[in-house]
Amino acid sequence: PLLTRFQVEYPRIELKIFMTDDNVALLERQIDIALRFAPTPQGNVHAAKLLSPQYYCVGSAEWQHKISAPADLEGADCLLLDLPPALTKWHLNHERTGEKCTIRAKGHLSLSAPLALLKAAQLGHGPTLLPDWLAKSSIEAGTLVNLLPEWQGQIRDDATHLWLLHHPHRHMPLNIRIVKDFLIDQISAL
C-alpha cells in the first residue's frame with residue numbers, strides 16, 4: 001500500500017527494491033536505505049526506530065478450540081519461521097497479569113518467508129506467532145484468529161524493532177532523503 005501512495009506523490013522517483021530476509025551489507029549491495037527487524041542495528045549505519053511490533057499467536061478458526069493457554073502450544077503442530085537462528089522459542093507475556101512463559105514451539109512445517117507463514121496459518125496448517133502489522137488485517141477479516149488474545153509475544157529474547165537504516169555518509173541525495181522521510185512518516189504512523 002505504501003508503494004502506491006509513494007508513486008502518486010513522487011512519480012518521477014524510480015525505486016529498485018531488493019527483498020530478502022538475509023542481513024546483507026548495505027555498501028556491498030549498493031543499498032541506499034534498508035528496513036530491518038532486529039533488537040538493535042549492527043554495523044556502521046545510521047538507524048531510526050520505526051515501530052516495535054507485538055506478536056500474536058494466530059491460527060485458522062479450527063485451531064481456536066485447541067489452543068486456550070500457552071501450554072497448549074507445547075503439544076501442537078506449530079508453524080515455524082525458519083530464519084537463522086531458528087526461531088522456535090516463543091516468549092509470551094500476559095498483558096493483564098504480567099505472567100511470562102517461554103514455549104519451545106515444534107512443528108512439521110518451517111517456512112522462511114513471513115508471508116508464506118501467514119498463508120499457511122490461514123489454511124489451517126497450525127498455530128504460529130506473527131507480528132501485529134502482518135496479522136492484524138487477517139484477524140479483522142476473519143481469516144485468522146488471535147488464539148491467545150490476552151497474551152503477546154516475541155520470537156527473540158530481546159524485543160525486536162523495525163529500523164530504517166542508511167549509510168552514514170555526509171551528503172544524502174535528495175531522492176534518497178525523500179524516500180527516507182516518506183518511510184519514516186508513513187511507518188511511524190502505523
Side-chain angles (χ1 to χ4, degrees), residues 1-58 79 81-84 87 90-91 93 95 111-122 128-146 149 151-190:
L2 292 181
L3 283 176
T4 302
R5 197 173 305 147
F6 183 84
Q7 289 174 324
V8 166
E9 250 182 86
Y10 304 100
R12 297 179 59 190
I13 295 180
E14 294 179 16
L15 298 174
K16 181 179 178 183
I17 299 173
F18 174 71
M19 298 178 81
T20 181
D21 286 321
D22 294 335
N23 194 357
V24 297
L26 301 183
L27 284 174
E28 286 178 24
R29 293 291 313 215
Q30 297 180 331
I31 296 172
D32 297 309
I33 296 173
L35 296 174
R36 188 172 292 160
F37 281 100
T40 55
Q42 302 294 315
N44 184 21
V45 294
H46 284 292
K49 188 190 302 184
L50 299 181
L51 60 89
S52 299
Q54 291 297 316
Y55 286 75
Y56 302 137
C57 179
V58 297
L79 292 168
L81 182 59
D82 187 23
L83 293 175
L87 303 173
W90 297 352
H91 307 280
N93 298 313
E95 63 182 34
L111 299 159
S112 63
L115 286 174
L117 201 62
L118 171 76
K119 189 65 175 173
Q122 290 171 332
T128 193
L129 208 58
L130 289 177
D132 51 3
W133 61 266
L134 183 58
K136 186 178 179 181
S137 62
S138 295
I139 292 169
E140 290 170 354
T143 58
L144 275 182
V145 175
N146 187 346
W151 294 83
Q152 294 181 352
Q154 288 290 333
I155 55 175
R156 298 187 187 277
D157 292 332
D158 298 323
T160 302
H161 311 285
L162 177 62
W163 300 89
L164 183 136
L165 309 175
H166 62 89
H167 303 292
H169 49 61
R170 288 185 183 164
H171 173 71
M172 180 179 285
L174 180 60
N175 61 342
I176 295 171
R177 184 178 308 279
I178 288 170
V179 173
K180 174 186 165 245
D181 292 344
F182 177 85
L183 289 172
I184 288 173
D185 289 344
Q186 296 297 313
I187 294 174
S188 296
L190 292 178

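Quick note: residue numbers are just sequence positions, from 1.
- Atoms CG and CG, from Leu50 and Asp185 in turn, are 10.0 Å apart once rounded to the nearest 0.5 Å.
- In this structure a side-chain-to-backbone donor-acceptor pair under 3.5 Å is present from Thr143 to Ser138.
- More than 12 heavy atoms of other residues, nucleotides or ligands shown are found within 6.0 angstrom of NZ on Lys180.
- One finds the CZ atom of Arg12 at 11.5 Å from the CG atom of Asn175 (value rounded to the nearest 0.5 Å).
- Residues Ala135 and Val58 come closest through the heavy atom pair CB-CG1, 4.3 Å.
- Looking only at side-chain heavy atoms (C-beta outward), Leu164 and Ile33 come within less than 4.5 Å of each other.
- Side chains of Leu134 and Leu117 form no contact here, defined as non-hydrogen atoms less than 4.5 Å apart.
- Contact annotation: the side chain of Ile176 never approaches that of His167 to less than 4.5 Å [non-hydrogen atoms, C-beta and beyond].
- Residues Gln152 and Asn93 are not in side-chain contact: their nearest non-hydrogen atoms beyond the backbone lie 4.5 Å or more apart.
- Annotation for Glu9: atom CD counts as buried by contact number, over 12 foreign heavy atoms lying within 6.0 Å.
- At most 12 non-hydrogen atoms from other residues, nucleotides or ligands lie less than 6.0 angstrom from CG of Asn44.
- Nearest heavy-atom pair, Leu111 versus Ala120, reported as atom, atom and distance to 0.1 Å: CD1-CB, 3.8 Å.
- Between Asp132 and Ile139 there is no side-chain heavy-atom pair separated by less than 4.5 Å.
- When side chains are defined from C-beta on, Val179 does not count as touching Asp32, because their heavy atoms never get closer than 4.5 Å.
- Taking each heavy atom of Leu26 and Ala34 in turn, the nearest pair found is CD2-CB, 3.5 Å.
- Considering every non-hydrogen atom in both Leu165 and Arg36, the closest pair reads CD1-NH1, 3.5 Å.
- Expressed to the nearest 0.5 Å, how far NE2 of His166 lies from NE2 of His46 amounts to 5.5 Å.
- Listed here is the closest heavy atom pair of Leu129 and Cys57: CD1-N, 3.7 Å.
- Applying the ring pair (Phe, Tyr, Trp, His ring centres under 6.0 Å) test between Phe37 and each of Tyr55, Trp133, Trp163 identifies Trp133 as the sole match.
- For the pair His161 and Ser52, the tightest heavy-atom approach, listed with the atom from each and the gap, is ND1-OG, 2.6 Å.
- Between Ile178 atom CD1 and Met172 atom CE the span is 11.5 Å, to the nearest 0.5 Å.
- Using a 4.5 Å heavy-atom cutoff, the side chains of Phe6 and Ile13 are in contact.
- Separating the OG1 atom in Thr160 from the CD atom in Gln54 is a distance of 10.5 Å, to the nearest 0.5 Å.
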Show the numbers, then the answer: is there a side-chain contact (heavy atoms from CB on, under 4.5 Å) between Thr128 and Leu81?
CA-CA 8 Å; Thr128 193; Leu81 182 59; over 6 Å; no

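- Within the 4.5 Å cutoff, the side chain of Leu2 has heavy atoms near those of the Ile187 side chain.
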